[in-house]
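Remember, it's a predicted structure, so these values are computed and weren't measured experimentally.
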Amino acid sequence: FPFFSFLLGDLHPHVMSLPFVVLFLSILWNFLRMPMHIWREKNLLSYSTIFIIGLCLGGLGFNNMWDLPVFSLILFGVVVIKIYSYIGISFWELGRMSLAYGSAAIGIGIILILPYLLTFNSQVSGISPVTEVVSRPLHLFIIWGLFLIIIVPFVVNSFGSTTVNKDWIKMSFVSLSIGFSPYIIWVFLYLSQGGMFSELISRLFHVFPFALLISMSVYSVMWIVQEKKEHFGNAYAITLVAIGTLLIMGPELFYVNDSFGGAWERMNTVFKLYYQAWIILAVAAGFSLYYMVKLTGGLLGWKLVLSKIWVLVFMIMFLCSSYYSLAATFTKGEFSNSKFSLDGLAFLKVSNSSEYMAIKYMLENSNTQSGILEAVGNDYTDFSRISGSTGIPTVLGWPGHQSQWRGSGIASENREQDVATIYRTLDVEKAKELLSKYDLDHVYVGSREKNLYGSIGIEKFSKFMNIVFQDDQVTIYKMSE
């Protein structure tokens with residue numbers, strides 16, 4: 001799933017945070033393995049451990065704000081496991097101590113990125129219940145089938161290995177509450193907005209497998225840390241399964257209100273949470289695969305046959321899942337008819353040599369005070385290529401992205417019209433006024449500008465600007481000194 005981002009060279013926060021997520025999960029594993037008496041003592045090691053956890057968590061939040069709540073939840077889960085495994089206390093006392101220790105690390109992380117948070121503006125306006133469009137089971141299986149083939153048998157086997165102890169009623173209540181509470185919260189929110197009762201049963205069946213898997217995972221973790229304190233690897237992996245499954249189930253019930261609406265309302269929620277779920281479940285699946293392969297070594301009879309069927313299904317799923325990475329690389333990369341290059345603009349040498357030379361000229365002859373005017377057009381097109389390729393500021397790049405990242409189009413209001421006016425007006429003084437307003441000393445005129453704004457108003461630039469670059473398709477004007 002994330003491979004297409006690597007293929008595109010995507011440097012959005014959810015991609016850049018991936019190695020930091022792995023680092024944070026590794027730090028939590030180290031923390032979980034740390035002896036309790038060392039962790040609870042007031043010494044440099046215990047304080048530095050909490051500080052490092054807070055530093056890494058704050059870094060995740062700074063890099064990708066979606067990571068802060070999710071990995072704070074994992075932190076609390078690990079703290080609960082650690083305290084519960086060493087101290088025979090009530091659930092209420094367990095919650096109080098876990099909240100205290102977890103809040104300390106989260107507080108450190110927030111303090112470290114406080115300068116950023118004080119100026120942080122988000123386009124998120126709230127969380128709403130999903131009322132209509134949910135993921136089709138087939139699509140869910142296509143995305144998560146490989147992981148489910150690995151982790152479901154692992155969780156089922158772990159759950160089946162538990163025994164009834166004196167706390168099984170409490171443990172069952174806690175695990176079912178955690179697994180089904182998202183659905184219960186959704187029911188109240190959905191009905192409060194005038195939802196239909198007939199949808200409640202349908203949605204319950206839709207999320208039931210995930211809620212059940214979460215409940216079984218939570219119960220298994222509680223039993224393991226209570227009865228088999230040395231099996232921290234199992235407990236940590238199953239905890240990651242529970243959190244990852246929760247991230248998959250969440251977008252089927254809720255979505256974050258942002259700049260997307262209509263049929264796209266869940267897009268950001270699904271995209272961002274799936275990224276987190278993918279890396280979390282990938283880590284859990286690695287341990288699960290080792291555990292299940294090791295478990296099959298001593299099986300006999302029908303259990304052995306069943307294990308071989310499982311291995312066969314896994315290999316088929318693995319090969320099918322691996323196909324995309326190879327096929328997409330060769331297809332999108334066009335290896336058969338392309339030359340390898342680290343120059344992201346190399347394709348322009350063939351497709352539009354005039355524009356390539358113009359960009360090269362601006363890179364060599366502009367300075368930090370330069371500004372350039374170019375046409376404004378739709379997102380994911382050739383528009384704003386000059387500014388984007390040189391780093392020289394322009395009036396407006398892709399309007400849709402500006403609205404998306406800023407939460408509204410207020411900041412870019414009237415800019416697109418001003419650009420059109422500069423190119424089209426025959427009034428030299430008006431053009432000078434608007435160029436000065438945006439601190440522009442260069443005007444780019446290429447095929448996009450001529451097609452969008454026409455050629456009538458272009459001639460005026462030569463009356464008060466110098467031509468510094470020109471060929472058959474591109475002309476660059478520079479303001480006279």
Inset, instruction - Taking the side chain as every heavy atom from C-beta outward, state whether Ser128 and Leu189 have any pair of such atoms under 4.5 Å apart. - result: no
Inset, instruction - Determine whether Pro399 and Leu396 make a side-chain contact, defined as any pair of heavy atoms from C-beta on separated by less than 4.5 Å. - result: yes
Legend entry - Asn64: side-chain hydrogen bond (donor to acceptor under 3.5 Å, both in side chains) partners, not counting sequence neighbours: Asp67
Legend entry - Pair Trp144 and Trp278, ring centroids less than 6.0 Å apart: yes
Legend entry - Partner set under side-chain contact (heavy atoms from CB on, under 4.5 Å) for Ser181, not counting sequence neighbours: none
Inset, instruction - To the nearest 0.5 Å, tell me how far Met34 CE sits from Lys82 NZ. - result: 7.0 Å
Inset, instruction - Examine distances only and state if a side-chain atom of Lys272 and a backbone atom of Met267 form a donor-acceptor pair shorter than 3.5 Å. - result: no
Inset, instruction - Not counting sequence neighbours, which residues clear ring pair (Phe, Tyr, Trp, His ring centres under 6.0 Å) with Phe180? List them please. - result: Phe208
Inset, instruction - Take Asn63 and Ser17 through the side chain to side chain donor-acceptor pair (under 3.5 Å) test and state the conclusion after the steps. - result: CA-CA 6 Å; Asn63 197 11; Ser17 67; 4.9 Å; no
Legend entry - Under the side-chain contact (heavy atoms from CB on, under 4.5 Å) test, residues paired with Leu112 that sit two or more places apart: Phe51, Leu55, Ile108
Legend entry - Among Tyr274, Tyr275, Trp66, the one residue meeting ring-ring contact (aromatic ring centres under 6.0 Å, His included) with His14: Tyr275
Legend entry - N/O donor-acceptor pair under 3.5 Å between Arg266 side chain and Val130 backbone: no
Legend entry - Leu253 and Pro129, any side-chain heavy atoms less than 4.5 Å apart: no
Inset, instruction - For Phe173, look at atom CZ and say whether over 12 heavy atoms of other residues, nucleotides or ligands are found less than 6.0 Å away. - result: no
Inset, instruction - Please tell me if the side chains of Ile392 and Ile386 come closer than 4.5 Å, counting only heavy atoms from C-beta onward. - result: no
Legend entry - Minimum-distance pair of heavy atoms, taken over all atoms of Met249 and Gly179: CE-O, 3.7 Å
Legend entry - Residue pair Leu60 / Leu68, side-chain heavy-atom distance below 4.5 Å: no
Inset, instruction - Considering non-hydrogen atoms only, spot the tightest contact between Ile248 and Ala277 and give its length. - result: CG1-CB, 4.1 Å
Inset, instruction - Take Trp223 and Thr163 through the side chain to side chain donor-acceptor pair (under 3.5 Å) test and state the conclusion after the steps. - result: CA-CA 8 Å; Trp223 185 87; Thr163 57; 3.3 Å; yes
Inset, instruction - Give the intermediate values and the outcome of side chain to side chain contact (heavy atoms under 4.5 Å, CB included) for residues Ile127 and Asn257. - result: CA-CA 6 Å; Ile127 298 177; Asn257 286 313; 5.8 Å; no
Legend entry - Distance in Å, Ile238 CD1 paired with Ser288 OG, rounded so as to fall on 0.5 Å steps: 8.0 Å
Legend entry - Where Phe76 and Leu99 come nearest, the two heavy atoms and their spacing: CE2-CA, 3.7 Å
Inset, instruction - Under the side-chain hydrogen bond (donor to acceptor under 3.5 Å, both in side chains) rule, collect the residues that match up with Thr119, sequence neighbours excluded. - result: none
Inset, instruction - Please answer whether the main-chain N or O of Ser172 pairs with a side-chain N or O of Ser175 as donor and acceptor at a distance below 3.5 Å. - result: yes
Legend entry - Non-hydrogen side-chain atoms of Leu452 and Phe383 separated by less than 4.5 Å: yes
Legend entry - Approximate separation, where rounding is to 0.5 Å, of Thr245 OG1 and Leu213 CG: 4.0 Å
Inset, instruction - Report the C-alpha distance between Phe210 and Leu246 in whole Å, list the side-chain angles of each, state the deciding distance to 0.1 Å, and finish with yes or no for side chain to side chain contact (heavy atoms under 4.5 Å, CB included). - result: CA-CA 7 Å; Phe210 299 116; Leu246 181 63; over 6 Å; no
Legend entry - Reported CD1-to-CZ distance for the pair Ile201 and Phe205, which is rounded to 0.5 angstrom: 6.5 Å
Legend entry - Thr331 side chain to Ala328 backbone, donor-acceptor under 3.5 Å: no
Legend entry - salt bridge (charged side-chain N to carboxylate O under 4.0 Å, His left out): pairs with one or both residues in residues 103-117, sequence neighbours excluded: none
Legend entry - Pairwise distance CG(Leu281) to CG(Leu240) - rounded to 0.5 angstrom: 8.5 Å
Inset, instruction - Show your working on side chain to side chain contact (heavy atoms under 4.5 Å, CB included) between Val21 and Gln276 and close with a plain yes or no. - result: CA-CA 8 Å; Val21 167; Gln276 296 167 329; over 6 Å; no
Legend entry - Under 3.5 Å donor-acceptor, Thr394 side chain and Ile372 backbone: yes
Legend entry - Pairing residues for Leu191 by the side-chain contact (heavy atoms from CB on, under 4.5 Å) criterion, not counting sequence neighbours: Val187, Phe197, Leu200
Inset, instruction - Assess whether atom CZ of Phe20 is packed by more than 12 heavy atoms of other residues, nucleotides or ligands within 6.0 Å. - result: no
Inset, instruction - State, with a plain yes or no, whether a side-chain heavy atom of Phe6 is found less than 4.5 Å away from one of Ser325. - result: no
Residues 23-30, side-chain donor-acceptor partners within the protein, below 3.5 Å, at least two apart:
residue : atom : partner : partner atom : Å
Ser26   : OG   : Val22   : O            : 2.8

Legend entry - Backbone N/O of Ser384 and side chain of Ser387: donor-acceptor pair under 3.5 Å: no
Inset, instruction - State whether the side chain of Arg415 and the backbone N or O of Val395 hold a donor-acceptor pair below 3.5 Å, judged by distance alone. - result: yes
Legend entry - Under 3.5 Å: donor-acceptor pair, side chain of Ser217, backbone of Val241: no
Legend entry - With sequence neighbours excluded, residues passing side-chain hydrogen bond (donor to acceptor under 3.5 Å, both in side chains) with Tyr438: Asp418
Legend entry - side chain to side chain donor-acceptor pair (under 3.5 Å): pairs with one or both residues in residues 193-210, sequence neighbours excluded: Glu199-Arg203, His206-Glu252
Inset, instruction - Would you sort out whether Ile74 and Ile280 count as a side chain to side chain contact (heavy atoms under 4.5 Å, CB included), showing the intermediate values? - result: CA-CA 10 Å; Ile74 296 180; Ile280 291 171; 3.6 Å; yes
Legend entry - Ser158 (side chain) donor-acceptor with Ser220 (main chain) under 3.5 angstrom: no
Inset, instruction - Would you check if there is a donor-acceptor pair between the side chains of Asn268 and Tyr255 at a distance under 3.5 Å? - result: no
When the side chains of residues 308-319 are checked against the rest of the protein, which donor-acceptor pairs come out under 3.5 Å, sequence neighbours left out?
residue : atom : partner : partner atom : Å
Trp310  : NE1  : Ile149  : O            : 2.8

Inset, instruction - Report yes if some heavy atom in the side chain of Phe287 is under 4.5 Å from a heavy atom in the side chain of Phe154; otherwise report no. - result: yes
Legend entry - Side-chain donor or acceptor of Trp398 paired with backbone N/O of Gly377 under 3.5 Å: no
Legend entry - Rounded distance (nearest 0.5 Å) linking atom CD1 of Ile224 with atom CZ of Phe159: 11.5 Å
Legend entry - Heavy-atom closest pair, residues Ile150 and Ala285: CG2-O, 3.5 Å
Legend entry - Ala100: side-chain contact (heavy atoms from CB on, under 4.5 Å) partners, not counting sequence neighbours: none
